[in-house]
Amino acid sequence: MKAQKLLFAILLLLLLTGCFAKVNGYEEVNISIIPMPAELTVTGGNFQFNGHTEFVVENQEQRNLVEILKSRFQKAAGWELKISEEGRKENFIQLRENNTIKKEAYKLSVKNNRIVLEAGSYSGFLYGLESLRQLLPPEIENKEKVNGITWQIPALVIYDEPRFQWRGLMLDVSRHFFEKDYVLKVIDRLAMLKMNTLHLHLVDDQGWRIEIKKYPKLTTLGGFRVDHEDKHWNSRPIPSIGEEATFGGFYTQEEIKEIVAYAGEKGIKVIPEIEMPAHVMSALAAYPELSCNENKMMVPSGGVWPITEIYCAGKETTFEFLEDVLLEVMELFPSKYIHVGGDEATKTNWETCPHCQKRMQEEGLEDVEELQSYFIKRMEQFISSRNRILIGWDEILEGGLAPGAAVMSWRGTQGGWEASVQGHDVVMTPGSHVYFDHYQGNPDDEPLAFGGYTTLSKVYEFDPVVDSMSVAQKKHVLGGQANLWSEYIPTNSHSEYMLFPRTAALAEVLWTPKEITSWEDFSGRIKQLFIRFDYLDINYAKSAYAVTTDIKVDLQTGSVRISLENEFSDSVIRFALNEEDLNKNSTVYNKPITISETTTVKAGVFEDGEMPGKAFEKTFDFHKGVGKKVEYHPKYHTSYQGAKEVGMVNVLRGTKNFHDGQWQAWLEEDMEVIVDLAGPTSISRVTVGSMENQGSGIYFPLEVEILISQDGKNYKSTGKINRDFKPNGNPELKEFEITFRVQETRFVKVKIDNLGNPPTGGSAWLFIDEIIIK
Ligand code: TNX
């Protein structure tokens with residue numbers, strides 16, 4: 001590490017003095033490994049591969065391991081490299097077992113005439129070979145022979161080991177089913193990034209995905225639903241009993257074995273998740289007797305909320321069923337951890353079910369939370385009696401955590417924090433940083449997603465260890481994991497798009513020592529990885545190239561300053577205004593653009609004359625209210641303050657991402673806003689922007705009224721718009737526009753009626769941005 005820091009300092013010095021050709025006497029090298037190795041020292045010179053390079057191995061296992069490279073050279077260089085067990089003098093790659101090296105760690109030494117890879121474990125060798133692969137030119141990923149490549153790598157020494165032992169990804173294969181072959185592909189990509197855990201979410205309301213021999217209906221009935229894929233997830237009709245269910249699929253036990261074995265070869269453990277007691281309507285559709293009311297139901301085709309149809313916690317048969325299922329599951333998955341879900345159960349049925357009530361009495365349980373805790377504790381006893389460890393979502397803390405259980409913290413890191421205080425192991429998967437079902441760029445430019453906003457750089461900020469943890473607590477943090485929930489992800493290519501490149505950022509923060517992680521450095525390396533992704537036909541997102549804006553309103557002059565930003569640290573942004581074309585010769589952005597009239601801004605990140613991402617284009621609608629004083633009755637909610645006092649009049653419009661920092665919101669309350677135009681002003685139109693996202697409790701207004709006044713005391717109405725509540729599954733933006741004959745006025749009052757209490761219960765959010773006065 002020290003050597004690396006020194007090297008870095010020298011590099012920086014050379015960069016500053018304008019001399020970059022040689023480093024410490026050695027040729028400049030371009031090393032781009034993700035995740036960044038823990039310690040790396042460039043020693044000068046190169047190792048050059050040729051058709052006579054040999055692999056030198058000690059045993060059959062190593063023979064299999066070197067296939068990672070051998071097969072690539074075969075395709076991309078057209079060489080059939082030999083593997084032998086006899087030593088050579090030069091031009092070889094030797095694998096050498098060294099039991100003093102920690103599990104998962106490796107040492108790689110590249111000299112001019114030889115490469116030696118030492119490790120003490122299977123995965124250590126794998127990771128060393130993956131690093132070698134990334135040291136080679138990206139063309140090594142090509143499926144066909146590439147001519148004219150010098151297959152050489154810089155001489156260096158790497159000592160590498162992971163920061164965390166749990167480097168995971170969860171695939172939700174229930175909401176949408178993904179065929180075995182796709183799962184195998186994901187495994188390859190995880191291995192390339194030195195990830196070691198694949199968590200399969202095999203059960204949820206919308207589909208049971210693993211064959212269980214003792215309960216065949218789980219998959220024949222529970223694996224399929226009525227096809228409503230053409231509709232938004234949250235507006236799919238509830239299927240009637242007997243409707244034809246054709247959409248779905250499941251893994252046979254043979255396929256599961258194949259997945260587990262394949263993953264094992266790549267150093268990846270597969271953790272099965274069998275949800276309980278909620279998220280199991282697919283099981284109840286097959287075996288209704290496992291629920292409290294025994295209602296007949298179908299597998300739902302889309303969103304269900306709240307989840308009240310859950311397993312009965314009173315009947316013994318529920319536990320017998322689950323134990324049988326888990327026995328088959330444990331037979332198939334050798335993993336130490338068995339995930340039992342445990343999240344989001346609405347336990348209203350338990351409150352009235354005679355079986356559950358009887359159980360609570362007999363066990364002396366105070367409430368249904370304690371009944372859930374009883375449920376999980378019982379499963380924990382069963383699982384630990386089989387020498388496995390139960391892991392569940394952080395809800396399993398409620399009502400008391402089972403003694404040997406580990407916790408997966410998803411509602412932030414708090415659950416993990418609490419569990420670690422109690423001495424339990426935790427895996428951090430906070431929605432804020434590693435929910436890959438969230439948007440990775442501006443929602444207007446992205447495929448429909450669950451919500452949220454988790455950019456590449458945000459993932460890079462993820463740290464499973466919370467600063468406020470004690471040393472003892474930190475020891476309980478096994479690592480971190482990203483979750484790809486698939487409500488909105490119906491295809492393989494869409495799944496890839498959500499996974500990459502974010503999984504690369506995740507891999508680095510879970511592997512690389514925190515002190516040497518650097519977003520600036522990663523920004524450069526990830527672009528090199530993109531070249532590999534291209535060769536591998538990975539449908540990765542280019543969202544990180546998007547241009548975003550930051551707007552400042554100058555309250556003195558009423559002008560607006562638009563800053564253009566891009567999350568990569570070294571980007572060149574070019575821009576064009578109004579009618580001008582945006583191209584590689586457009587003006588390079590270097591300071592904020594000031595506007596004082598309606599202006600269209602086009603911008604993009606350019607690299608080598610190309611624009612890898614999407615072009616940004618937005619018309620900033622300059623209007624008479626911009627930068628004017630705004631009075632609120634009542635004030636916006638503290639959770640959604642937008643751009644505060646200028647939020648309604650800063651020309652920047654809220655997007656479908658309700659966390660985008662533009663929206664101001666009111667919960668259940670009506671709102672009244674007064675804009676003071678600072679002097680008599682002629683106006684004839686007021687437009688109010690709003691959003692609906694019923695899945696998240698956000699509803700369009702019931703009424704919008706515009707009133708004007710000269711003195712700020714006496715107001716007269718210029719018009720209003722009324723609108724009835726309508727169920728709407730899609731997030732939607734809408735403008736409420738009121739026009740009237742030209743009026744001279746100083747104060748504009750906007751009065752909005754909030755829906756208040758939606759028919760589905762709870763309180764309605766009212767989201768407004770912006771008030772456009774013309
Ligand atoms: C919450 S995270 C869930 C999932 C959803 C996800 C969508 C968790 C344990 N439960 O059922 O798919 O949010 O982001």
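Just so you know, these numbers use all the heavy atoms, side chains as well, and skip hydrogens, waters and symmetry mates. Residue numbers start at 1 and run along the sequence shown. Indexing begins at 1, ligand by ligand and atom by atom, following the structure's order.
Closest to atom 8 (C) of ligand 1, if we only count protein heavy atoms, is Asp343 OD2, 3.3 Å. Distance from atom 14 (O) of ligand 1 to its nearest protein heavy atom, with residue and atom name: Asp437 OD2, 2.7 Å. Closest protein heavy atom to atom 3 (C) of ligand 1: Glu344 OE1, 3.5 Å. Protein heavy atom closest to atom 2 (S) of ligand 1, with residue, atom name and distance, is Tyr435 OH, 2.6 Å.
Atoms of ligand 1 found under 4.0 Å from any heavy atom of Trp393 (numbered from 1 in listed order, with element): 9 (C). Near Glu487, the atoms of ligand 1 lying under 4.0 angstrom from a non-hydrogen atom of the residue are 5 (C), 7 (C), 12 (O). Each of the following atoms of ligand 1 lies closer than 4.0 Å to a heavy atom of His279: 11 (O).
Arg236 has a carboxylate O that lies under 4.0 Å from a charged side-chain N of Glu229, or vice versa, which qualifies the two as a salt bridge.
The closest heavy-atom contact to atom 11 (O) of ligand 1, among the options His201, Met170, Arg175, comes from Arg175. Of the listed options Trp410, Tyr488, Phe450, Trp410 places a heavy atom closest to atom 1 (C) of ligand 1.
Taking the ring centre of Phe462 as origin, the terminal cationic atom of Lys458 falls outside the region bounded by 6.0 Å and 45° from the ring axis. Both the sub-6.0 Å distance and the 45° axial angle are satisfied by Arg378 relative to the ring of Phe319.
Looking only at distances, no side-chain donor or acceptor of Thr454 sits under 3.5 Å from a matching main-chain atom of His433. Using modelled atom types, one side-chain atom of Arg225 and one backbone atom of Gln206 make a donor-acceptor pair closer than 3.5 Å. Side chain of Gln664 to main chain of Gln641: a donor-acceptor pair is present (N/O by atom type, distance under 3.5 Å, no hydrogens or angles).
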Audit row: Ser495, Tyr182, side chain to side chain donor-acceptor pair (under 3.5 Å) steps and yes/no | CA-CA 10 Å; Ser495 168; Tyr182 177 67; 2.6 Å; yes

